[in-house]
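The figures here come from the full heavy-atom set of this structure, side chains too, leaving out hydrogens, waters and symmetry mates. A, B, ... follow the sequence lines: proteins, then strands. Residue 1 opens every chain.
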Number of protein chains: 2
Amino acid sequence: MAHYMSDKVNEKVDIVAVAKAARVSASTVSRSFNHPGLVSPATRKRITRAVEKLGYIRNRAAQSMHGRRNATIGLIVPTIDHAIFAEVIQSFSDSIDRAGFTLLIASHSYDLDREYAMMRKLMEHRVDGIALVGLEHSDASLRLLQQQGTPAMALWNYAPDSVLPCVGADNHEAGRIAADHLLGLGHRDIGLVFPRPDGNDRASARLSGARARLLAEGVPLVDDWQWEAPYSIAQAKQVAQELLQRRHRPTALLCGNDVIAQGVIYGAQSCGLRVPEDISVIGIGDFKGSNEMEPGLTTIRIPARSIGEIAGARFTDLITGVNTEHFRINCPLECILRGTARAL
Amino acid sequence: MAHYMSDKVNEKVDIVAVAKAARVSASTVSRSFNHPGLVSPATRKRITRAVEKLGYIRNRAAQSMHGRRNATIGLIVPTIDHAIFAEVIQSFSDSIDRAGFTLLIASHSYDLDREYAMMRKLMEHRVDGIALVGLEHSDASLRLLQQQGTPAMALWNYAPDSVLPCVGADNHEAGRIAADHLLGLGHRDIGLVFPRPDGNDRASARLSGARARLLAEGVPLVDDWQWEAPYSIAQAKQVAQELLQRRHRPTALLCGNDVIAQGVIYGAQSCGLRVPEDISVIGIGDFKGSNEMEPGLTTIRIPARSIGEIAGARFTDLITGVNTEHFRINCPLECILRGTARAL
DNA sequence: AGATTTTATGAAAACATTTGCATTACTATT
DNA sequence: AATAGTAATGCAAATGTTTTCATAAAATCT
């Protein structure tokens, strides 16, 4: 342990030490924290003074043993290290902080077995609730949740029939809007660049939304123009380079997210193509930096900030019993017109 | 609370329920978790079976009341929502997870008073240790740490005389290396674009490192070429646009970090300048995406991943008593040659 | 002034676990 | 066979807090 020099060494400053210093009982000290109305202003002041003098800090662990809330919420994300999750984590954290909660975080690197393990770990800490990203989870996880009766919610995705309460965006709709925008600009030769859809409900929903919209318009889905690229600028760039070398190429590229779009744009530029003059590109997400690119990326904005914000507020309400209604909140998407998609 | 249908309703499955089911005492169950060597293999098996049957999950809160570790580490960052912190948080989290710890996270948006408040909050949860970003903290925070005797460490910055154990990079050195690289390429007319240095020890150390190196070489520091820009692509872009419109402009720009560098590059491009042909740019940090830009950003790499990794390992060692030596670890910087800085 | 209600406080039980000490049942040593 | 030593287990106290119940003091009503 750290060897700081010791002040006036604090011999176990617990609630009874405070009580002694304030010349009241421990019960009164506890009450003055939890039900201040029940203790007289005079003693309350004495207690406050004692607390400050001794440097007392309440022990949540001891509290939570009485069925009291822990004031912690667990969040399990695929990864923290991604612009979009970082943003949603930040706003979720801020939001629950406002209700007095602290965030216990864990990541599983897109491995549902690890998600289960993380859930158990958070449950050992008796978190007051667990928020998960997305709607796809192992049966074991869902079962554990229900068996333990831990309040839970899904973040990031919206589905009208979600079993968990959810706050997020409709990815099918996102794909649809993106396709719609390109169609509106007069494009008919549209390529799709998406990550593998399996195990990624976001990607697959977006893809099916885009496809549906194109089919509805009678636009043929050329097999040669359907590409797979992971969420990596470098790899998307490489894919685009191959794709765009073909003789016959699309006039527009619809990308699974902004990272792919950005990679695709770099790829196009490195092939000597100008965006949007020679080829239009649209992304999904509106990540940080998408606005500042040169030219700015046209994209479908998923409101990460407000998803985290709303999710935090509703979840803490549910946990504290302020509002226990089951919620499924669809955060509206927005088509952000910037410089990478032009009318034909 | 959530209303899942109830299985075979678990009436308080605690350690004595397990004990009963395994026909042993609670003590034995506890021991079989914490000191498995002390209990016979046969009973251990019975206990394991009972645990699984009842779906028992240990209660860390109750454990921690016995001075036992909580298996949680608190991390306080300025913001989660920043490429560089997200990366270091991720690797720190992974690293402590390997030692069985969970991360309790809080952010203070660059407000030292809020940092103090967050520290108290984490202490209420009796975290086993607290990691802070950077070396600048309020006296109150430092005092609180020492008073409570909570193990603490600093992440991200290195200083040979740090009072807290630290794992990070030497920012002065980073500035020096960047300047050195530009000098090596033959540049003499060098502009500096940095954020406000006050309250940001990273920025000020980098700036002073760069200045020192330039002065040592006898390169004059033209006042007109010293610009302030916050860590924002958009604002850095704007600053660069003004800066580069001047008649007399530098041949190279040394930027406080990669975000600024990226903004500056966009600004230059929008002024019709080519990077690196017309102007060289160097950043500091090597954020995600810096490599994939077109052209790739020349920068001084701060090894976020290994900082988090090493910090997590050393901190958990310190907390568990495996290695209680005071540590100050300087993670080596690297000059990454890419496409935005050319020889004159 | 006496009876009744209200307000403020304390004593003790309860929460889920760990651990020091005591006990029992073996095993090894003489 | 008696003794010492060891391994496995249980009992009960302890951990820091909250809460129920009881009690004392003060305020209000008749």
Could you measure the distance from the CD atom of B:Gln90 to the CG atom of B:Leu103? Nearest 0.5 Å is fine. 10.0 Å
Pairwise distance CZ(A:Arg120) to CD1(B:Ile57) - rounded to 0.5 angstrom: 4.5 Å
Looking at A:Leu132 and A:Glu115, what are the two nearest heavy atoms and their distance? CD2-OE2, 3.9 Å
Is it true that B:Asp161 and B:Arg328 have a side-chain N and a carboxylate O under 4.0 angstrom from each other? no
Which pair of heavy atoms, one from B:Leu135 and one from B:Ala154, lies closest together, and at what distance? CD2-CB, 3.6 Å
B:Glu124 with A:Arg58: basic N within carboxylate O range, under 4.0 Å: no
Can you name the closest pair of heavy atoms from B:Pro151 and B:Ile319 and give their distance? CB-CG1, 4.3 Å
Please write out each protein N/O paired with an N/O of nucleotides 6-9 of chain C under 3.5 Å, distance rounded to 0.1 Å.
residue: C:dT9; atom: OP1; partner: A:Thr43; partner atom: OG1; Å: 3.2
residue: C:dT9; atom: OP2; partner: A:Ser40; partner atom: N; Å: 3.0
residue: C:dT9; atom: OP2; partner: A:Thr43; partner atom: OG1; Å: 3.0

Applying side chain to side chain contact (heavy atoms under 4.5 Å, CB included) to A:Ala313 and not counting sequence neighbours gives A:Ser95
Interatomic distance where CG belongs to B:Asn70 and C1' belongs to C:dT18 [whole Å]: 15 Å
Charged N to carboxylate O under 4.0 angstrom, B:Glu309 versus B:Arg98? yes
Earliest and latest nucleotide of DNA chain D, 5' to 3', sitting under 4.0 Å from a non-hydrogen atom of chain B? D:dA8 to D:dG16
Return the angle between end axes of the helix from C:dA1-D:dT30 to C:dT30-D:dA1, with five pairs used per end and rounding to 10°. 40°
Do any pairs count as a salt bridge (charged side-chain N to carboxylate O under 4.0 Å, His left out) and have a residue in residues 21-45 of chain B, sequence neighbours left out, and if so which ones? none
Separation of A:Thr320 OG1 from A:Phe315 CZ (nearest 0.5 Å): 11.0 Å
Every protein N/O within reach of nucleotides 12-16 of chain C N/O, cut-off under 3.5 Å:
residue: C:dC15; atom: O2; partner: A:His66; partner atom: NE2; Å: 2.8

In terms of relative ring orientation, are A:Tyr110 and A:Phe85 parallel, tilted or perpendicular, with 30° and 60° separating the classes? tilted
